[in-house]
Amino acid sequence: MKNKDLLARQEAATRLAKAVSSIFPALRFQDDFLEGVQNVVRQINQIKQNFGPALTSLHRILRTVHAERERGERIEAAGWLPHYTTPFDLIEPEAGTDEIDEVVSSHYRDNFPAVQREFLTRVDT
């Protein structure tokens, strides 16, 4: 009984909407417009669903590249040329130029034989 009542109400609402739309054509435009907006929203949601994971990964990669570029610029600002023997792993992401200078200087001073070997090996190849 409840299903028949619900169906009857839905049919009555549909008939009423059609009657009102035929009397007031502007309302039909609103319905068409709202339906168009709903379709656009559905399509945007589908795009998000299809490309969301890839865009999230790309965003993470770009953030990392940007952070490393900024760190390289700070190393240069501290008076050093970033390259393969630079101790990037010892430099905090938010370190200032004085701290970077101290870390890099200490690294080369304390590890000069190993850095020299690495450098000469690269030059020889």
Side-chain angles (χ1 to χ4, degrees):
M1 196 68 158
K2 290 182 183 180
N3 286 339
K4 283 185 179 182
D5 190 39
L6 179 62
L7 287 174
R9 287 182 187 180
Q10 287 174 341
E11 289 172 3
T14 301
R15 283 194 305 275
L16 178 62
K18 285 181 181 178
V20 170
S21 291
S22 67
I23 296 169
F24 301 104
L27 292 179
R28 209 172 342 166
F29 167 76
Q30 285 180 333
D31 289 343
D32 292 345
F33 177 76
L34 290 175
E35 185 178 327
V37 169
Q38 289 172 339
N39 284 336
V40 167
V41 169
R42 277 193 291 275
Q43 290 173 1
I44 289 171
N45 287 334
Q46 187 64 45
I47 289 169
K48 281 181 179 177
Q49 185 178 3
N50 291 343
F51 295 102
L55 292 176
T56 299
S57 294
L58 178 60
H59 185 255
R60 189 172 42 252
I61 290 166
L62 291 176
R63 272 196 329 245
T64 300
V65 167
H66 178 70
E68 291 304 318
R69 191 184 110 254
E70 283 185 338
R71 189 172 2 196
E73 288 173 354
R74 287 195 325 277
I75 290 169
E76 286 181 22
W80 295 93
L81 179 63
H83 65 299
Y84 60 90
T85 68
T86 303
F88 293 102
D89 59 322
L90 301 178
I91 300 169
E92 295 296 323
E94 300 303 320
T97 54
D98 290 341
E99 186 179 348
I100 291 170
D101 181 48
E102 179 58 36
V103 168
V104 175
S105 294
S106 295
H107 171 74
Y108 287 128
R109 183 180 55 245
D110 299 343
N111 300 291
F112 185 76
V115 170
Q116 183 181 31
R117 270 193 312 276
E118 184 178 353
F119 192 75
L120 292 175
T121 300
R122 274 267 177 108
V123 170
D124 288 341
T125 57

Quiz item: Is the CG atom of Asp98 crowded by more than 12 outside heavy atoms at less than 6.0 Å?
Solution: no
Pair up each side-chain donor or acceptor in residues 109-118 with any protein partner under 3.5 Å, not counting sequence neighbours, and list the distances.
residue: Arg109; atom: NH2; partner: Ser106; partner atom: OG; Å: 3.0
residue: Asn111; atom: ND2; partner: His107; partner atom: O; Å: 3.0
residue: Asn111; atom: ND2; partner: His107; partner atom: ND1; Å: 3.2

Quiz item: Just checking, is any N or O donor in the side chain of Arg42 or Asn39 under 3.5 Å from an acceptor N or O on the other one?
Solution: yes
Practice problem: Tell me yes or no: between the side chains of His66 and Arg63, is some donor less than 3.5 Å from an acceptor? | Solution: no
Quiz item: Roughly how far, to the nearest 0.5 Å, is the CD atom of Glu94 from the CD atom of Glu70?
Solution: 8.0 Å
Quiz prompt | Closest non-hydrogen atom pair, Asn50 against Pro53 | solution = O-CD, 4.4 Å
Self-check item: Rounded distance [0.5 Å steps], CD1 in Ile91 versus CG in Asp101
Solution: 10.0 Å
Quiz item: What is the minimum heavy-atom distance between Ala95 and Arg74, and which atoms define it?
Solution: O-NE, 2.9 Å
Quiz item: Which heavy atom of Trp80 sits nearest a heavy atom of Val104, and at what distance?
Solution: CD2-CG1, 3.3 Å
Quiz item: Which heavy-atom pair separates His83 from Leu81 by the least distance, and what is that distance?
Solution: ND1-O, 3.0 Å
Self-check item: Separation between OG1 of Thr86 and CD1 of Ile75, rounded to the nearest 0.5 Å
Solution: 5.5 Å
Quiz item: Between Pro82 and Gly72, what is the shortest heavy-atom contact and its length?
Solution: CG-O, 3.6 Å
Practice problem: Return the minimal non-hydrogen interatomic distance between Ala78 and Thr97, and the atom names on each side. | Solution: CB-O, 3.4 Å
Quiz item: With a cutoff of under 4.5 Å between side-chain heavy atoms, which Ile, Leu, Val, Met, Phe, Trp and Tyr residues group with Leu62?
Solution: Leu58
Quiz item: Roughly how far, to the nearest 0.5 Å, is the OG1 atom of Thr56 from the CZ atom of Phe51?
Solution: 13.0 Å
